[in-house]
Amino acid sequence: MSNEYKPDTLGVRAGGLRSDFQEHSEALALTTSFVYKSAAEAARKFANEEPGNIYSRFTNPTVKMFQDRLAALEGAEACVATATGMAAVATLALGLLKSGDHIIAARGVFGTVVPLFDQILARLGIATTWVPLTDIDGWKRAVRRETRLLFIETPSNPACEVADIAALADIAHGAAAVLAVDNCMCSPALQRPIEFGADLVVHSATKYLDGQGRVLAGAIAGRADLVTGPLFNFVRTAGPAISPFNAWICLKGMETLRLRMNAQSANALELARWLEAQPAVERVNYPGLDSHPRHALAMRQQSAGGAVLSFVVKGGREAAWRVIDATKLVSITANFGDVKTTICHPATTTHGRIPPAERDASGIVEGLVRLGVGLEDPSDVRADLERGLEG
Ligand SMILES: *Cc1c(COP(=O)(O)O)cnc(C)c1O
């Protein structure tokens with residue numbers, strides 16, 4: 001399908017395929033393998049002399065539809081799906097890098113990326129330098145001859161810091177390295193990092209692409225030479241492949257992605273403004289607020305603020321836990337990206353494995369509460385939070 005269509009159209013139609021049954025809703029090809037008419041046809045397909053499906057670790061029509069739809073939404077040349085968002089980050093690193101290579105990564109990326117880079121990749125001889133997301137001079141200084149990958153998340157989760165994607169793309173390209181952006185927080189409905197110079201976009205499709213908190217899934221979209229080459233080969237060979245069922249859930253989820261993201265962003269903005277006026281709240285982190293230190297940049301890169309916000313409650317961990325424990329409607333859970341609003345305490349959950357000093361430097365202080373805003377009426381969520389803030 002032509003990518004000249006508008007994003008709303010691509011979300012509903014891009015990548016769609018029909019089988020001989022002519023089904024209207026995209027089919028779920030829940031099969032491990034595909035049959036051939038003859039031994040010769042099988043040989044040709046394995047040798048890549050003839051296109052077609054072979055085995056669902058690396059080719060599956062439902063997975064292909066998911067990949068093609070996401071590529072269209074991101075404005076990417078190609079996309080490869082993975083079992084989870086972390087599998088996408090691991091595939092990115094292990095598919096592109098070798099021992100001796102160097103990564104520069106933003107402080108405050110998704111918590112599990114830190115042990116992946118600092119423990120698992122470090123053991124394989126791949127070193128990482130952590131730099132504050134917004135410190136452009138720090139990124140320039142961190143570049144080495146061996147630097148091959150710059151990895152960021154913008155806005156960051158849960159501190160909602162915003163990176164200048166174009167400036168970091170320039171630094172990466174000056175160093176002959178690749179800039180990969182985790183676009184999980186915005187999804188392509190609100191932000192398309194490739195337009196600002198990113199080479200690759202990483203997704204935890206577990207979040208807004210599914211959108212209803214059902215399945216784990218991941219993907220990497222971007223330059224065809226990287227995606228259809230080393231990254232696809234890594235998935236095919238090492239096996240962190242997505243289940244066709246999970247790909248189907250995300251494929252169908254993307255049909256309502258823009259509607260959800262716009263509605264959830266509007267709810268988040270309303271709640272952020274209200275939280276900012278509460279005496280018990282020290283600070284609200286939300287790119288859509290005028291008070292955000294990089295509001296103007298965020299609004300150039302994003303069409304809305306997104307559905308995740310965080311706020312610091314006066315009184316540290318005790319006060320933060322009080323707000324969380326007083327909720328009756330909002331779900332206490334580590335996930336976000338759901339239509340149901342979720343709340344969590346990052347310092348003792350999602351980011352609990354990061355050393356406290358590093359955590360503080362990333363703005364993940366003891367009083368910080370993260371809210372993944374859903375589709376409930378914001379006044380009901382507000383009443384739920386009010387109880388713990390007044391307490
Ligand atoms: C959840 C998340 C991940 C990891 O995704 P999984 O699907 O849980 O493996 C990566 N990055 C961000 C920003 C996330 O929120």
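Keep in mind that this is a model prediction, so the values were computed, not measured. Just so you know, ligand 1 is whichever comes first in the structure, and atom 1 is the first atom listed for that ligand.
Distance alone, capped at 3.5 Å, is enough to place a donor-acceptor pair between the Ser187 side chain and the Ala189 backbone.
Contacts of Glu23 classified as salt bridge (charged side-chain N to carboxylate O under 4.0 Å, His left out), with partners at least two apart in sequence or in another chain: none.
Protein neighbours of ligand 1 below 4.0 Å, counting non-hydrogen atoms: Thr84, Gly85, Met86, Phe110, Glu153, Asn157, Asp182, Cys184, Ser204, Thr206, Lys207, Ala217, Phe336.
Atom OH of Tyr55 sits in a sparse spot, with 12 or fewer heavy atoms from other residues, nucleotides or ligands closer than 6.0 Å. Summarising the local packing, CD of Glu318 is surrounded by 12 or fewer heavy atoms from other residues, nucleotides or ligands at distances under 6.0 Å.
Phe117 and Phe151 have their aromatic ring centers within a separation under 6.0 angstrom.
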Report task. Please test Lys45 against Glu41 for salt bridge (Lys or Arg N to Asp or Glu O under 4.0 Å), starting from the C-alpha separation and ending with a verdict. Result -> CA-CA 6 Å; Lys45 287 198 168 144; Glu41 186 192 319; 2.7 Å; yes
